[in-house]
Amino acid sequence: MTEKFKRGDGRAIDELRQIEAKVGVVPNADGSAMYRSGDTIAIAAVYGPKKMHPQHQQDPSRGQLRCDYNMLSFSVSERIKPGKNRRAMEISEITKWALEPVLILDKYPNQVIDVFIDIIQADAGTRCAGINAASLALAHAGVPMKDMVSSIAVGKLDKTLVVDLTKEEEDFEEGEGPTDIPISMTHSGKITHMQLDGKISAEQLKDAVDLAKGACAKIYEIQKKALKDAVDFEGGK
Ligand code: UDP
């Protein structure tokens, strides 16, 4: 890792964008949260646990988590086509994989927990922001969880590892170009999701995971504070 690498916005290589997190932003939901990292903003709303419909999808041995990620048309300057596309379907699925390990789903036979994630503004890192918001919203809904999940994208810009890429950094084309590694983990350090878009050596991947651990520890503190602030304000929701 070289400390001399200059990032477009002047951040240190292990420095996160400004983070804001708040729960209770969607009063109709059973639990909800907003998570902002720089210019990326995710809103998550949780409904359930409730009876699974359609009925033929019920599983009598356990409950199910359904995640629906959606990047809104106006979230980027080049308006995107509304509705489901392959990218949204993939991110919905990986969000489910990232969160499922901390839930105790066998407590809820035949039931479903629905998590809707809307990205209202996007500047890269939306899947991670969505997972951070969803983890908070599940906790806010009072869904029993073994741990929180925190998520961050680590990137390799040419040869240098950095955390929390902006869209400008994701589009970096010098040298070896960009590598994007979104990682989600529990507070206890169990990785629940990792993706890799680009190229990296096994050695540098270990450094990337270490950077993600440091970043997720900071994100966890912000998530914890958001929940604590809500308890103080709402008197336990
Ligand atoms: N993006 C866009 N239009 C799209 C999809 C993505 O402008 O249809 C932008 C948006 O800023 C997004 C970024 O590209 O955050 C990176 O998208 P990617 O698929 O890598 O996922 P993310 O980093 O958001 O998890």
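Atoms within each ligand, like the ligands themselves, are counted from 1 in listed order. The basis for the numbers below is simple: all heavy atoms, side chains too, and nothing from hydrogens, waters or symmetry mates.
Contact between A153 and ligand 1 is absent, with no heavy atom of the residue lying under 4.0 Å from the ligand.
Nearest protein heavy-atom neighbour of atom 7 (O) of ligand 1: V76 CG1, 3.4 Å. The shortest contact between atom 16 (C) of ligand 1 and any protein heavy atom is with E170 OE1, 3.0 Å. In this structure, the protein non-hydrogen atom closest to atom 3 (N) of ligand 1 is I80 CG2, 3.7 Å. Annotation: atom 1 (N) of ligand 1 to nearest protein heavy atom, M71 CE, 3.8 Å. In terms of protein heavy atoms, atom 13 (C) of ligand 1 is closest to K167 CD, 3.7 Å. Counting only heavy atoms of the protein, atom 24 (O) of ligand 1 lies nearest to T126 OG1, 2.5 Å. Protein heavy atom nearest atom 19 (O) of ligand 1, with residue, atom name and distance: R87 NE, 2.7 Å.
One finds the OG1 atom of T166 at 6.0 Å from the CG atom of D9 (value rounded to the nearest 0.5 Å). The CG atom of L196 sits 7.0 Å away from atom CG of L205, with the distance rounded to the nearest 0.5 Å. Separation of atoms CG (N110) and CE (M52) is listed at 9.5 Å; rounding is to 0.5 Å. One distance of note links CD1 of I94 with CZ of R127; it measures 5.5 Å at 0.5 Å rounding.
In summary, the atoms of ligand 1 found under 4.0 Å from a heavy atom of A122, numbered by their order in the structure, are 10 (C), 11 (O), 15 (O).
The residue E78 has no part lying near ligand 1, judged by heavy-atom distances below 4.0 Å.
Inclusion of R127 in the set of residues having an N or O under 3.5 Å from an N or O of ligand 1 is warranted. On a distance-only criterion, A124 and ligand 1 share at least one N/O pair closer than 3.5 Å. No N or O atom of I91 sits closer than 3.5 Å to an N or O atom of ligand 1.
Between K84 and D68 there is a salt bridge, with a side-chain nitrogen of the basic residue lying less than 4.0 Å from a carboxylate oxygen of the acidic one.
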Test side-chain contact (heavy atoms from CB on, under 4.5 Å) on F116 and V26; report intermediate values, then the result. CA-CA 11 Å; F116 293 93; V26 183; over 6 Å; no
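Of the residues R17, R36, K167, the one that meets the salt bridge (Lys or Arg N to Asp or Glu O under 4.0 Å) test with D123 is R17.
The aromatic rings of H187 and Y220 sit parallel to each other, their planes meeting at less than 30°, with 60° as the upper class boundary.
Using modelled atom types, no side-chain atom of S151 and backbone atom of N132 make a donor-acceptor pair closer than 3.5 Å.
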